[in-house]
Student: 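Just dropping this structure here.
Order of the sequence lines sets the chain letters (A, B, ...), proteins ahead of strands, with each chain counted from 1.
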There are 2 protein chains.
Amino acid sequence: MSDRRTEILRAATRVIARRGVRGLRVGELAAEAGVSTSLIYYHFSDRAGLLRRTLDFISDRADHYTAEPDPAPRTEDPRADLEQVLLLELQDTVEVRENSIAWGELRATAVFEPDLREDLARTTHTWVHDVAELLARADPGGTAPAHAAAAERLTALVEGLSVRWHSGSLPVEHARLLLRGAIGAELDRHDPAGRGAPAAAAGAGSGVGFGRS
Amino acid sequence: MSDRRTEILRAATRVIARRGVRGLRVGELAAEAGVSTSLIYYHFSDRAGLLRRTLDFISDRADHYTAEPDPAPRTEDPRADLEQVLLLELQDTVEVRENSIAWGELRATAVFEPDLREDLARTTHTWVHDVAELLARADPGGTAPAHAAAAERLTALVEGLSVRWHSGSLPVEHARLLLRGAIGAELDRHDPAGRGAPAAAAGAGSGVGFGRS
DNA sequence: TGCACCGAACTGAAAATTCAGTCAAGCATT
DNA sequence: AATGCTTGACTGAATTTTCAGTTCGGTGCA
C-alpha cells in the first residue's frame, strides 16, 4: 500500500488532476513522486501502461468512494443519505476535487480510447446501482426500473455539473443547489398523465450498456 | 463560407471529434482538409491560434444549432418543442456526433485551460437561457427562477448523458429515454412539502456564473 | 504584380524510451 | 562470519522519436 509503485499511482492521479491525462509528462510525474524517470519505466512498461494502471487506480478509488459511507449513514433518513452520497461529489476540498477532475478526465479520455471503456462502464454501473438502491429506500413506492432510470439521470447529472464546475461555468454552491433540486424533482414526481413516466422510460433494459457509436 | 480558411476550421472540428483537442496534429489536420501544412500557418499564426479559432467556431456552431430550429417549431406544442431541442443533441448522425464530441472536448479542455472558460461560460449561458424560455412556454405556471434552475439541470444532464454515450457507457436510445424522463420529472413536479423547491434552488443568482476553484 | 497556395526539406526543442550500472538485502556456501 | 552469487529497486546519462514551426522555390491566377 505504501510502496513506491502505489506512490507513483497516487502522484499520477495528482498530476492528472492538475494537467489532465494528455498533459501528463512522465518527467513531471517523476518529480511529483520524488523518484527518477526511469523508475516509472521500471514499474510500468511505458507511458500507455502507466496510464492504464493509473486509470484503474482512479476508478477503483471512485468505487470505494461511494462504498465507504455505506456502513455509516443508513436507515435513519433515506433521502438525506441519498443527498449525502450525491453531494459528496460536489464538495470543494482538495481530495474530492482531485478525484472528481481525474474521473472527468477518465471519461473524456475514454471518448478517444476504446480500451478504457469497459472499465469505465463497469464502475459507472456499480455507482448507478448503489444510487438506485438508495433511491429505493427513499421512495419505497416506486418500481425498480424507475429507480434505475432516476439513478442514471442523477449520476449523469452529477457528472455534468462537475465538469461545469471544474470548467468555470458554475460555482460549486450553485451546483449543489441544482442537484438538490433534481433529487426533489425525481422524488416528488407524481405525474398525472403518465407521460414520460419512469416505468416507460426504463423499458429498454437494466441501465448501463455498451453502445455502438 | 466555402473559403479555404473555413474549410480548415471544419476539418479541425472533424479531427478534434476523432482525436481530441490535444490529439490534433497540425499535419493530420492538413491532410484532413486536403491542404498543405504551410497553409495552416499561413492562415493561423500558430497551433494555439488555430485552436482558439476552432473552438470559437465550435461554440458558434453550437449556438446556431440551438438557434436554428427557432423559426420552425414554435407555439404549437411547447413541450414537444422543448423535447425537440434537447433531444437534438442525442442524435446519432455524423454531424451531431461530431459537434457533440467536439463540444465535450471543449468542456474537458477548459478544465485545464482557463483561457477558454469565458467563451464557454457565455455559450453555456445562452443555451441555458434558450432552454429556460422554452420551459416557460411549456409550463406557464412556474416562476422564472424555477425555469432557470430546471434549464441548468436539463442542459447539464444533456452534457452528462452525451459523454456517457460517447465514452461507451450508454447507448444513445437509452440516453434519449432518460432525457425524456428528466423533462417529465421537471415538468410534472408538484412537490407537496416544498422541500428542495425550485424557487429556493434558484435563489443564489441568475444561473451561470464564474466559480473559483 | 500580388495573392492564395503547394511541397518538401529542414531546425529545434520537448518528450518518451533505453541502458549500463549502482546499491542493498537476502541467502546459500564453506 | 566472511565469501560470493542473485535479485529487485533504483538512478543518470544517453539515445531516439515526435512535433511544432520555418523557409523557400515554385505554381496558377486575377
Student: In whole angstroms, how far is the P atom of D/dC19 from the CD1 atom of B/I40?
Tutor: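 Answer to the nearest Å: 15 Å.
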Student: Provide, to the nearest angstrom, the distance between the CZ atom belonging to A/R22 and the C1' atom belonging to C/dA15.
Tutor: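 Checked: the CZ to C1' distance equals 17 Å.
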Student: Check the distance between D/dT17's C1' and A/D46's CG and give it to me in whole angstrom.
Tutor: 14 Å
Student: Testing the basics here: between B/V21 and B/E105, what is the closest heavy-atom pair and its distance to 0.1 Å?
Tutor: N-OE1, 2.5 Å
Student: Tell me, do A/R61 and A/T13 make a side-chain contact under 4.5 Å, heavy atoms counted?
Tutor: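 Contact flag for A/R61/A/T13 side chains = yes.
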Student: Under 4.0 Å between a side-chain N/O of A/R4 and OP1 or OP2 of D/dC10, yes or no?
Tutor: yes
Student: Mind checking if A/L24 touches a base, just sugar-phosphate, or nothing, with heavy atoms under 4.0 Å?
Tutor: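 Sugar-phosphate, no base atom in range.
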Student: To the nearest Å, give me how far apart CZ (B/F44) and C1' (C/dA4) are.
Tutor: 14 Å
Student: How is A/G49 classified with respect to the nucleic acid when contacts are heavy atoms under 4.0 Å: base, sugar-phosphate, or nothing?
Tutor: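 Result for A/G49 = nothing.
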Student: Whole-Å distance between D/dC19 P and B/R19 CZ?
Tutor: 11 Å
Student: A/T37 near the nucleic acid: base, sugar-phosphate alone, or nothing, with a heavy-atom cut-off under 4.0 Å?
Tutor: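 It contacts base atoms.
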Student: What is the separation between atom CZ on A/R25 and atom P on D/dC19, rounded to the nearest whole Å?
Tutor: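 The answer, rounded to whole Å, is 11 Å.
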Student: I'd like to know if A/S38 reaches the base of D/dG12 with its side chain such that a donor and an acceptor end up less than 3.5 angstrom apart.
Tutor: yes
Student: Can you measure B/R47 atom CZ to D/dA20 atom P for me and round it to whole angstrom units?
Tutor: 6 Å
Student: Of the nucleotides D/dC10, C/dT17, D/dA20, which one has an atom closest to the side chain of B/V26?
Tutor: D/dA20
Student: Show the nearest heavy-atom pair for residues A/T124 and B/S169, with the distance to one decimal.
Tutor: OG1-OG, 3.9 Å
Student: Distance check needed: D/dC19 C1' versus B/E28 CD, whole Å only.
Tutor: 13 Å
Student: Please report the closest heavy-atom contact between A/V172 and A/L90, naming both atoms and the distance.
Tutor: CG1-O, 3.4 Å
Student: Distance check: side-chain N/O of B/Y41 vs OP1/OP2 of D/dT22, anything under 4.0 Å?
Tutor: no
Student: When you look at NE2 of B/H129, are more than 12 heavy atoms from neighbouring residues, nucleotides or ligands closer to it than 6.0 Å?
Tutor: no
Student: Is there a side-chain polar atom (N or O) of A/Y42 under 4.0 Å from OP1 or OP2 of D/dA9?
Tutor: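 Checking D/dA9 against A/Y42, a side-chain N or O does come within under 4.0 Å of OP1 or OP2.
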Student: Categorize B/L39 for me: base, sugar-phosphate, or nothing, with a 4.0 angstrom heavy-atom threshold over every strand shown.
Tutor: sugar-phosphate
Student: For D/dG8, take OP1 and OP2 only and decide whether either is under 4.0 Å from a side-chain N or O of A/H43.
Tutor: no
